[in-house]
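Below is one structure, written out as structure tokens, with a few remarks after it.
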Amino acid sequence: RRIINFTLASPQNQGIFPSLYDVNKKSWVGSLWKFPMDHYNPDSTALYWNWTDGSYQTSAASVTAGYLMMYRRTCEDHPKIIPFVTRYADFLIRNMQANGCVAEWFDQDLKSAPSMQWNANGGAHIWVLAELYKATNEKKYLDAAKKMASFMTTEVLPLQKWFDFETFYSCAVKKETFFDERTGQFPANNMSISWALEGFASLYEA
């Protein structure tokens, strides 16, 4: 319960919330990443480490919100979980692109970062929206989850383009335009695949 209360204390900005807490400074940090928004080059790794404010990361927020909903379903109905997750789900819906994808990062002014506008993190978002629909019966969350699932099945699955932040910006940094000519494959990462399993399973149940 202390962990849940701590998570729910994360300050929301029109629904989205920081991913990290700096225990030394006793302050929340958006994520470990920040973008030089004014000179982004899609063929370079323009994102850099930041320990001050960082950018809001939608995949981290969705995984957190998904586990909050799991706690509610399997442990207890904490009265603050639904309002917290509802505000975040509404942020996802407002910022969903026409193709059903949500950008990976947003700056402090909630402007989406140019990096990873196209990504395969949708499974985490589908998980949140489908779980919220099952808890509230609000059809807009089911409709949004279906639209995100359509993006995943039409644009991600056919070519196995499992693009998440780990694919490009973690241990094996590479350009977002990377393609392996030898094997004819796009780069892929298991993190977005595991989120897709959670999202599709929850949407199936819904």
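The first residue in the sequence is number 1, and the count goes up from there. Side chains included, hydrogens not; waters and symmetry mates left out as well; all remaining heavy atoms used.
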| query | Side chains of S115 and E104: is there a donor and an acceptor less than 3.5 Å apart? | reply | no

Distance col, row I82:CD1 vs L132:CG, nearest 0.5 angstrom, shows 5.5 Å

Y67 atom OH, over 12 foreign heavy atoms within 6.0 Å: no

E131/R73 salt bridge by N-O under 4.0 Å criterion
yes

Could you check whether any side-chain heavy atom of D90 comes within less than 4.5 Å of a side-chain heavy atom of K140, counting everything from C-beta outward? yes

Here the gap from N119 atom CG to E155 atom CD, rounded to the nearest 0.5 Å, amounts to 11.0 Å

Rounding to 0.5 Å, atoms OG (S192) and CZ (F165) come to a distance of 10.0 Å

Subject >> OH (Y204) with more than 12 external heavy atoms under 6.0 Å >> reply: no

Problem set entry | Cationic N near anionic O, under 4.0 Å, D107 to K111 | no

Full working for side chain to side chain contact (heavy atoms under 4.5 Å, CB included) between S112 and Q117
CA-CA 8 Å; S112 61; Q117 292 277 335; 3.0 Å; yes

To the nearest 0.5 Å, atom CG of N190 lies from atom OG1 of T167 at 9.5 Å

- Query: How about W105 and M116: do any of their side-chain heavy atoms sit closer than 4.5 Å?
  - Reply: yes

V102 vs Q97 side-chain heavy atoms within contact, under 4.5 Å:
no

Side chain to side chain contact (heavy atoms under 4.5 Å, CB included) assessment of T7 paired with T64
CA-CA 8 Å; T7 303; T64 299; 3.5 Å; yes

Report task. Report the relative orientation of the aromatic rings in F17 and F84; use parallel for angles under 30°, tilted for 30 to 60°, perpendicular for over 60°. Result -> tilted

Given the side-chain rings of W127 and Y133, with only the six-membered ring counted for Trp, is the space between their centroids under 6.0 Å? no

Interatomic distance, CZ@F91 vs CG@N13, rounded to 0.5 Å, equals 8.0 Å

- Where do L203 and L142 land on the side chain to side chain contact (heavy atoms under 4.5 Å, CB included) test, with the steps shown first? CA-CA 8 Å; L203 181 56; L142 180 62; 3.7 Å; yes

Can you give the donor-acceptor pairs under 3.5 Å from side chains of residues 193-201 to other protein atoms, not counting sequence neighbours?
| unit_1 | atom_1 | unit_2 | atom_2 | d |
| --- | --- | --- | --- | --- |
| S194 | OG | M191 | O | 2.7 |

Ring pair (Phe, Tyr, Trp, His ring centres under 6.0 Å) pairs touching residues 141-162, sequence neighbours excluded, are W118-F151

Problem - side chain to side chain contact (heavy atoms under 4.5 Å, CB included) between I16 and N95, worked out - result: CA-CA 11 Å; I16 198 166; N95 289 279; over 6 Å; no

Closest non-hydrogen atoms of Q14 and R94, given as atom of the first, atom of the second and distance, are O-NH2, 2.6 Å

Here the pair of heavy atoms bringing P18 nearest to V29 is CB-O, 3.3 Å

Closest non-hydrogen atoms of A65 and V128, given as atom of the first, atom of the second and distance, are CB-CG2, 3.8 Å

Take atom NZ in K146; do more than 12 heavy atoms of anything else shown fall under 6.0 Å from it?
no

Check: When you check the side-chain N and O atoms of S62 and Y88, is any donor under 3.5 Å from an acceptor?
Finding: yes

For P187 and K174 the tightest heavy-atom approach is CB-CD, 4.0 Å

Residues A120 and M152: closest non-hydrogen pair is O-CE, 3.6 Å

If we count only N and O atoms by modelled type, under 3.5 Å, do the side chains of D164 and N189 hold a donor and an acceptor together? yes

NE2 of H78 to CZ of R72, rounded to nearest 0.5 Å, is 12.0 Å

Problem - Heavy-atom side-chain proximity of F163 to F168 below 4.5 angstrom - result: yes

Closest non-hydrogen contact found for A103 with T58 is O-OG1, 2.8 Å

Across all chains, not counting sequence neighbours, the ring-ring contact (aromatic ring centres under 6.0 Å, His included) partners of F178 are none

